[in-house]
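Protein chains get the first letters and strands the later ones, always in sequence-line order, with residue 1 at the start of each.
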Amino acid sequence: MNIRLATWNINSARLRMPQILRFLQEYDVDVLCLQEIKCQNEQFPLEELAAQGYEHVELNGQKAYHGVATLARMPLRTVERTVFGGIDEARHLNVEMPGVKRGGKPVQIHNFYVPAGGDAPDIKTNPKFAHKLDFLTDMATNFSKQKDRNDPMILVGDLNIAPLENDVWSHKQMLKIVSHTPIEVEHLDKVAQSLSWIDAMRCHVPDEEKLFTWWSYRAKDWQASNRGRRLDHVWVTPSLEGCATHMQVVEPARSWERPSDHAPVIVDLKI
DNA sequence: ATGGTGGGCCACCCA
């Protein structure tokens, strides 16, 4: 069974519906995980998606900020919406695909929006940075205690960390910038180690090559300056190792009218 | 060192 899965920080689902519909159609996506939907569940535009064949939508929304959604052509079932890091915000949604199994178990998809962490990389002066690290610590603990690395799971989303040197435009100039500080990378590494998660994007692009998914709105010409970061990720547990047969960052979407500042990431899975 | 651009919502918060 071949499944095309995508993740996209959409920066307002309601405002960006034309781009969402265009993306689903042009790229023939089966499952789309959205972050920063910025609306309550009741406000999410279900009808337009159903009309285009995406009849299955699971939500964890909230008013104005954050919020994640997972939508698909095939049935989905919400397993859990978990609060990490002690602050009750809509930043996680775990769904399973009852019709998509590996080793007799339905494949689960964790959709994450990790806190951005504010400006100063200092837990003493910046509560947002402390929250980000707490969130990551909680993720690692929760996975270790509650989950089994032998289960087929996919983790996608905006993790707001670019861990590798070539996940940012300038490693040296980014070392003290939130999203690329060593302490954040250490915390993210612990999350990855908790269930031996595999970085499915880097399986397709060598560590020596630049790979970005986000470009700031503040650049005059995002392509010319190309000061990007890889903030969005796709991980799989060991039982799905090698299942991601193809990966692409859909950079053209960053140039569409009224774009999100994130580009979608697509993986093709053979399950 | 600073400000640059967006979205939600109606005074600012957040990215």
Donor-acceptor pair, side chain of A:Asn126 and main chain of A:Pro121, under 3.5 angstrom: no
Quick test of your reading of the model: are A:Asp199 and A:Arg230 salt-bridged, counting only N-O distances below 4.0 Å? yes
Under a 4.0 Å N-O cut-off, is there an ion pair linking A:Asp167 with A:Lys210? no
[X] [atom1] - [N] [atom2] separation (whole Å):
| X | N | atom1 | atom2 | answer |
| --- | --- | --- | --- | --- |
| A:Asp261 | B:dG7 | CG | C1' | 10 Å |
| A:Tyr113 | B:dC14 | OH | P | 11 Å |
| A:Glu257 | B:dG7 | CD | C1' | 16 Å |
| A:Ile177 | B:dT2 | CD1 | C1' | 13 Å |
| A:His262 | B:dA15 | NE2 | C1' | 8 Å |
| A:Trp256 | B:dG6 | CH2 | P | 18 Å |
| A:Tyr217 | B:dG3 | OH | P | 22 Å |
| A:Phe129 | B:dC14 | CZ | P | 17 Å |

Expressed as a whole number of Å, how far does the C1' atom of B:dA15 sit from that of B:dG4? 14 Å
Expressed as a whole number of Å, how far does the P atom of B:dC14 sit from that of B:dC10? 15 Å
Distance below 4.0 Å between A:Arg16 side-chain N/O and B:dG7 OP1 or OP2: yes
Answer yes or no: does a side-chain N or O of A:Arg218 lie under 4.0 Å from OP1 or OP2 of B:dA15? no
Which residue lies toward the 5' end of DNA chain B, A:Ile37 or A:Ser216, if each is placed at its nearest nucleotide? A:Ser216
Residue met sooner reading DNA chain B from 5', once A:Cys39 and A:Ala219 are mapped to nucleotides: A:Ala219
What contact category does A:Lys220 fall into here, base, sugar-phosphate, or nothing, at under 4.0 angstrom with non-hydrogen atoms? nothing
Once you apply a heavy-atom cut-off of 4.0 Å, does A:Arg91 come out as touching a base, just sugar-phosphate, or nothing? sugar-phosphate
Would one find more than 12 heavy atoms of other residues, nucleotides or ligands at under 6.0 Å from atom CG of A:Leu46? yes
Hunt down any stem DNA chain B takes part in, defined as 3 or more consecutive Watson-Crick or G-U pairs whose two distances are each under 3.5 Å. B:5-8 with B:12-15
With sequence neighbours excluded, what pairs up with A:Tyr54 under the ring pair (Phe, Tyr, Trp, His ring centres under 6.0 Å) test? none
Could you work out, with salt bridge (charged side-chain N to carboxylate O under 4.0 Å, His left out) as the rule, every residue matching A:Arg73, not counting sequence neighbours? A:Asp28, A:Asp30
Side-chain contact check for A:Arg258: nearest option of B:dA15, B:dG8, B:dG7 is B:dG7
Answer yes if the side chains of A:Glu58 and A:Thr78 hold a donor-acceptor pair under 3.5 Å, and no otherwise. yes
